[in-house]
Each structure stands twice: as C-alpha cells, then as structure tokens.
Amino acid sequence: MKVKDLASKVGEVIELKGWVANKRESKTVAFVILRDGSGQCQCIIDVNNVGEKVFNDAKTLTLESSLSILGKVVKDERQVGGYEIHATDLKIIQVAEEYPIAKKEHGVDFLMDQRHLWLRSQRQWAIMRIRNTIIFGIHQFFQKEGFIQMDAPIFTGNACEGTTNLFETDYYGQPAYLSQSGQLYGEAMAMAMGKIYTFGPTFRAEKSKTRRHLSEFWMIEPEMAFYDIFQNMDLIESFLNEVIQKVIDECEVELGIVGRDLTMLEKSIAPFQRLTYDEAVEIITGKQKVNGVNTIDTLNGDLKSKEEEKAAILAEIEEREAKINQQGIKKGERNFNMNKVAQLKNSLKDVEEDLRNIPEWIASATNFTYGEDFGGSDETVLTRMFDTPIMVYDWPHEVKAFYLKRNPEDERFARGVDVLAPEGYGEIVGGGERETDVEKVKAKIIEHELPMKEFEWYLDLRRYGTVPHSGFGLGLERLVAYVCKLPHVRETIPFPRMYGRLFP
RNA sequence: UCCUCAAUAGCUCAGCUGGUUAGAGCGAGUGACUGUUAAUCACUAGGUCCCUGGUUCGAGUCCAGGUUGGGGAGCCA
C-alpha cells in the first residue's frame, strides 16, 4: 500500500511502510509524518488505540527511522494529501541515529556533503520526480515520431571541439576521451536509420563554477536525415512544447512543492520566437525595440524594481528585529521571526547581486561587438524581452562548430541554432544543419586545427550518399532547472559531478 | 586560469574600531505541557574561532601565503 493510493481506501485498515519525515508527540498522542517514496501522510498514534507498549515504542522514533504502520484511513482536509492514518499497530524496523539534516535552512556545501540523505527531502523528491517525467516524456516524444534510440560510445578518440575540456583516460595505452557529445556518431546512425536520438551521459572538464555547468551531464541528441534547419527548428519547438506540457499535466503536486510559478511556464508553450543572429544583436544592443520597448529601458526598469524590493526587504528585517527585541515576546514567535530574518538576509544577498549585475548587463549589451558569440548576460538580456524560448539561428560561422552548414544565400553565416530558455536560463539547446560537402568539412577541420585522420570515418558520411541533415543537443539538467525554476543545476541530478566535487 | 565574497558549536549565524572565562537560535538530552503542522516552558551537554607564519603587551578580530567553499567571467548544454 502506498500513500498516493490512500484515496481509494478510506475507512479501511491498511499497512504503510516508510520512514519518519517528522514527528510531534505529547502524553497520549503522537503524530508521525510518514514518507514512503510516493508521498507523505500523517499518522496518529493514540495511546488509547494502540496501547501502552506500542505507544512507548512510537515515542522512541527519531527522524528517518524506518517502520511499518497499520491503521485506518481517514479523510481530513487539513492534512497535506487530504488523508491521515489512525494507527492500530506499529512495527519499528530501525530507530535511526541522529539525522544530520534538520528542519531548518542549511548551507549548500553541507547539503551537498549529505546529498545521499538530502535526496529524501521533499523538495529533492519533487525535483527527481519531475526529472523522471521529463526523461520519460522525451522518450515518448521521439518514439512516437519514429526515432530510433541509439547509444553513442562514451570512450572516444575524436576530440570534436578541442581537447582542453576533455577528460583524458588511459585506453590500453593510448589516450581516450570521455565523450563530450555523441553527435558525430548520431550522424552516422541517422544515415542508417533516418531519424535517431541519443540519450546518454557527456563529460566536460570545464573548470566552471557557475549555476549552469556540470562536469557530467545527460544530453539528448536527435539527428534527422533530410531535415534542413527550419524543419529542425519546427521539431525543437514541438518537442519542448510537448515535454513541458506533460510535466504541467502530470506533476502538479511536484511543481507546487518546488514553488514553480506556472503562468510563465504555460506561456512558454507556444511557437518560439525565431531570430537570426543579426536580429538578436539589434535587440540586445537596444537598437531594435520589442513590443515598443528596448533592452536598455527594460533593464533600467528592472533595476528600479529591484531597488524597491531591496527597500522592502530591509524594512521587513527592521520590523522583525524590533519584534525580536520586544520585552516579553513568546519564545516561539521570537524564533519564528529570527528564522524569517535569516531568510530575508539571504534574499537580500540575491537582490544585491542583481543590483550589481544589471548595470553590468546594460554595459555589456550596449557594447556588444558584432560577430561574437553571446555571453551569459547577453542571453539573459535577450530572453528578458520575450515570454517564450527564443531560437537564434544563422550565426557568424567563425564562432560555431566545424560541422555546421553555411547558409547558401550568405556564406558569412553558419546554420546553427541556439535555443535560449526564458527567465534567465540561457542556452538549453544547441543544434543546426550539418555540412554535407566533403571538401567544405575538410576545410573547416583544417581551420579548427583538428586531426584530419581521426575524422576520416566522419568524412565517409559525406562520400557515401550524403544528404541534408540536422540535429540538436538538449542538456537535460538545464531543462529540468528551467522547468522547476531552480537557481542551480546541481539540484537537478541525483549525484552531481562538478568542479571540486566527486563525493558522495 | 582570472575577478569577487566567505570560513566561529552537529546546523544557521552574531561577535562593532584588536582587550578578562567566545554568544544566540535550531538540533540533541532531561522534565513539564499540548490534535500538533519549523510558533509551549525550563534546565543540561556541545567550540583546535580552516591551516601556516607575521605584527602586537595582547589576535576570532589586523597583515601575508595557503586550503576549502559560494557567486561570476571565459567556454558551453
């Protein structure tokens, strides 16, 4: 019996197995919040129903102790989930040692050290379930569309985008790298199957300490024969729309737990804004208005509202500190206010960081040099102007990967496309149409100073029945972070691997 | 690799311009109270103030170097 199925068992006596998520006790009655992986439910252990012995056992329960409870399901609107259990019996499996994660705010480093336990907390539980729904939704979408799932190798000899951010391993005496993309292999498979997608881990040794980088992350890379860049963009659009819609439909409870504001997420299910690089640059630099406003004015407006927000937080801190210092204040109320102040101070730090950043974004946007790739702040500035994801295509070929096709109308541009998620989440998809002409690919390999010999097999794909083809790569963790509106990708994967962290 | 901020009790943090035996809350333990939802009351036990060196009569506090972590840049998904 699982907590999620209680609705169908009202009035019956059932057994639940799980862990103590929380406990409150008094002389004659104890309240145990039991979590079983499917949800949480309050169990009432009344000495009059279970007897002295069982009640005394219940009193020994600590946080995260494991147990099974027998009891009657009772509907109670006050409870999370709407039901509670009136226990008739209880079997303790283990009384847990003192649990390190308390019911309070913790620091990131501490929580990361306790990741194996942190996963049990409600918020992490919700994120992992949303991740699962997204993964399943991705497979469903591609399978429905007739794609064949393929597994690209993880050891690879090809360093397709330079070796600086590759993990090198010893492969029977020769260097092998951990894959940073399965795309080249995906192209080969697409020539065999028509439409394929990879779904696997990728590794990048970037010594990045930012909210959107991991050293090990999961990437989904579809590759389609006979698709041009515009068909590619159509696919990206319907793909993301369907996956996000599935999460909205199926993860209402989980999205509620992570505190996701659905209005923005719902707005993103729509045709995406499509901009060429040139158009995007015009908007970033403020020369082109969007709905009557330009980026500079928008950012200055943001600056103003952040300042108001800061003032409001400061006022609330002052108010609550005054309350704390009042004579004769109840201890509980005092603690409550102290906790609030601690939270407020944290949000103050965030607001102050925004206040420092926004002027820098304005400066970086106004001074943007045509021809360069977008930086993190440029992406933020651009996405700030729209509610839906943005697809930027036709990039200056110098800043893009060697395998991208040039725009036949204008050779200055490569047919790459980046999808930028709203709300500051930046690039979640990178893709494009691939070069089909063997000589042009060769020229690019030379330009990028890549070892030609190792790419001979890739060139074969152009020698034997080359066709127009396109594909893209989606970063799973970035998508999860965006869907959940998390401040950092480290919470989107069970055991994040990033610069400076290998354990647990 | 660069810029920037931080490191004090198991946890979250105070500790002002260097000055006796370093504080609070949470958590833990004990007892009382209670159909409770991080909000009752009291008591108790918890510290190599990250490391090394320096300045000083005196360093948690100042300086230098290091270590670890946060945020960001670059690069990317």
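A, B, ... follow the sequence lines: proteins, then strands. Residue 1 opens every chain.
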* Expressed as a whole number of Å, how far does the C1' atom of B/G35 sit from that of B/A45? -> 32 Å
Next on the checklist: I'd like to know if A/His213 reaches the base of B/C76 with its side chain such that a donor and an acceptor end up less than 3.5 angstrom apart.
Outcome noted: yes
Q: Give one of base, sugar-phosphate or nothing for A/Gly426, where a contact means two heavy atoms less than 4.0 Å apart.
A: nothing
Is A/Phe31 stacked on the base of B/G35, with ring centres under 5.5 Å apart and planes under 30° apart?
-> no
Here the pair of heavy atoms bringing A/Glu435 nearest to A/His469 is O-CE1, 4.4 Å
Is atom NZ of A/Lys72 surrounded by more than 12 heavy atoms (other residues, nucleotides or ligands) closer than 6.0 Å?
no
> Mind checking the C1' distance from B/U61 to B/G25? Whole angstroms is fine.
Replying inline: 23 Å
Quick note, A/Glu206 side chain, CB onward, closest among B/G70, B/G35, B/A77 is B/A77
Looking only at the side chains, is there a donor atom on one of A/Gln122 and A/Arg35 sitting less than 3.5 Å from an acceptor on the other? no
From CD of A/Glu477 across to P of B/C76 the rounded distance in Å is 19 Å
Query raised in the report: B/G15 and B/A6: how far apart are their P atoms, nearest whole angstrom?
Result: 12 Å
Under 3.5 Å, is there a donor on one side chain and an acceptor on the other for A/Glu187 and A/Tyr403?
no
Next on the checklist: Could you check whether A/Asn48 and A/Thr28, counting side-chain N and O atoms only, form a donor-acceptor pair closer than 3.5 Å?
Outcome noted: no
**Prompt:** Looking for any heavy atom pair under 4.0 Å, which part of the strands does A/Asp354 touch: base, sugar-phosphate only, or nothing?
**Reply:** nothing
**Asked** If you measure from the C1' atom in B/U4 to the same atom in B/A77, how many Å do you get, rounded?
**Response** 26 Å
- Task: Output yes when a side-chain donor or acceptor of A/Arg274 lies under 3.5 Å from a complementary backbone atom of A/Met391, and no otherwise.
- Result: no
TODO: Give A/Leu214 one of three labels, base, sugar-phosphate or nothing, depending on what nucleic acid heavy atoms sit under 4.0 Å from its own.
DONE: base
ask   = Is there a donor and acceptor pair, one atom on the side chain of A/Glu84 and one on the base of B/G35, closer than 3.5 Å?
value = yes
Picking from B/A28, B/A77, B/G70, the nucleotide nearest the side-chain atoms of A/Met219 would be B/A77
Considering only heavy side-chain atoms of A/Lys207, the closest of B/U36, B/U1, B/A73 is B/U1
Would you classify A/Val489 as touching base, sugar-phosphate or nothing, given that sugar-phosphate means primed atoms plus P, OP1 and OP2, and contacts are heavy atoms under 4.0 Å? nothing
Answer with yes or no whether the side chains of A/Gln183 and A/Glu223 bring together a donor and an acceptor at under 3.5 Å. no
chi for B/G46 classified (syn = within 90 degrees of 0, anti otherwise) as syn
>> Taking B/A9 as the reference, what is the distance to B/G47 when you measure between their P atoms (whole Å, please)?
In response: 10 Å
By nearest-nucleotide position on RNA chain B, the 5'-leaning member of A/Phe217 and A/Pro487 is A/Pro487
A/Ile154 and A/Pro201 have their tightest heavy-atom pair at CD1-CG, 3.8 Å
A/His488 atom NE2 is separated from B/G69 atom C1', nearest whole Å, by 12 Å
Per atom distances to the A/Arg24 side chain, the nearest of B/C76, B/U36, B/G69 is B/U36
Taking B/U55 as the reference, what is the distance to B/C13 when you measure between their C1' atoms (whole Å, please)?
30 Å
Across the strands shown, which category fits A/Asp373 at heavy-atom distances under 4.0 angstrom: base, sugar-phosphate, nothing?
sugar-phosphate
To the nearest angstrom, the CZ-P distance between A/Phe503 and B/G69 comes to 13 Å
Indicate, with a heavy-atom threshold strictly under 4.0 Å, whether A/Gln42 touches base, sugar-phosphate, or nothing. base
Whole-Å distance, A/Leu474 CG to B/C76 P, equals 18 Å
A/Asn165 CG to B/A77 P, in whole Å, measures 10 Å
Under 4.0 Å between any heavy atoms, over every strand shown, what does A/Ile44 touch: base, sugar-phosphate, or nothing? Just pick one.
base
When rounded to whole Å, the CH2 to C1' distance for the pair A/Trp118 and B/C11 reads 14 Å
Whole-Å distance, A/His106 NE2 to B/G70 P, equals 17 Å
Paired with A/Trp395, the ring-ring contact (aromatic ring centres under 6.0 Å, His included) test is passed by just one of A/Phe413, A/Phe374, A/Tyr370, namely A/Phe374
To the nearest angstrom, the CG-P distance between A/Leu420 and B/C76 comes to 14 Å
Between B/U30 and B/G60, how far apart are the two C1' atoms, rounded to whole Å? 33 Å
Dot-bracket assigned to RNA chain B with the 3.5 Å Watson-Crick/G-U criterion, [ ] for crossing and | for other-strand pairs, is (((((((..((((.....[...)))).(((((.......))))).....(((((..]....))))))))))))....
The answer to which of A/Tyr99 and A/Arg490 contacts RNA chain B further toward the 5' end, by nearest nucleotide, is A/Tyr99
Looking at A/Ala481, is its backbone amide N or carbonyl O close enough to the side chain of A/Thr492 to form a donor-acceptor pair, meaning the two atoms are under 3.5 Å apart?
no
ask   = Between B/U67 and B/U52, how far is it from one P atom to the other, in whole Å?
value = 15 Å
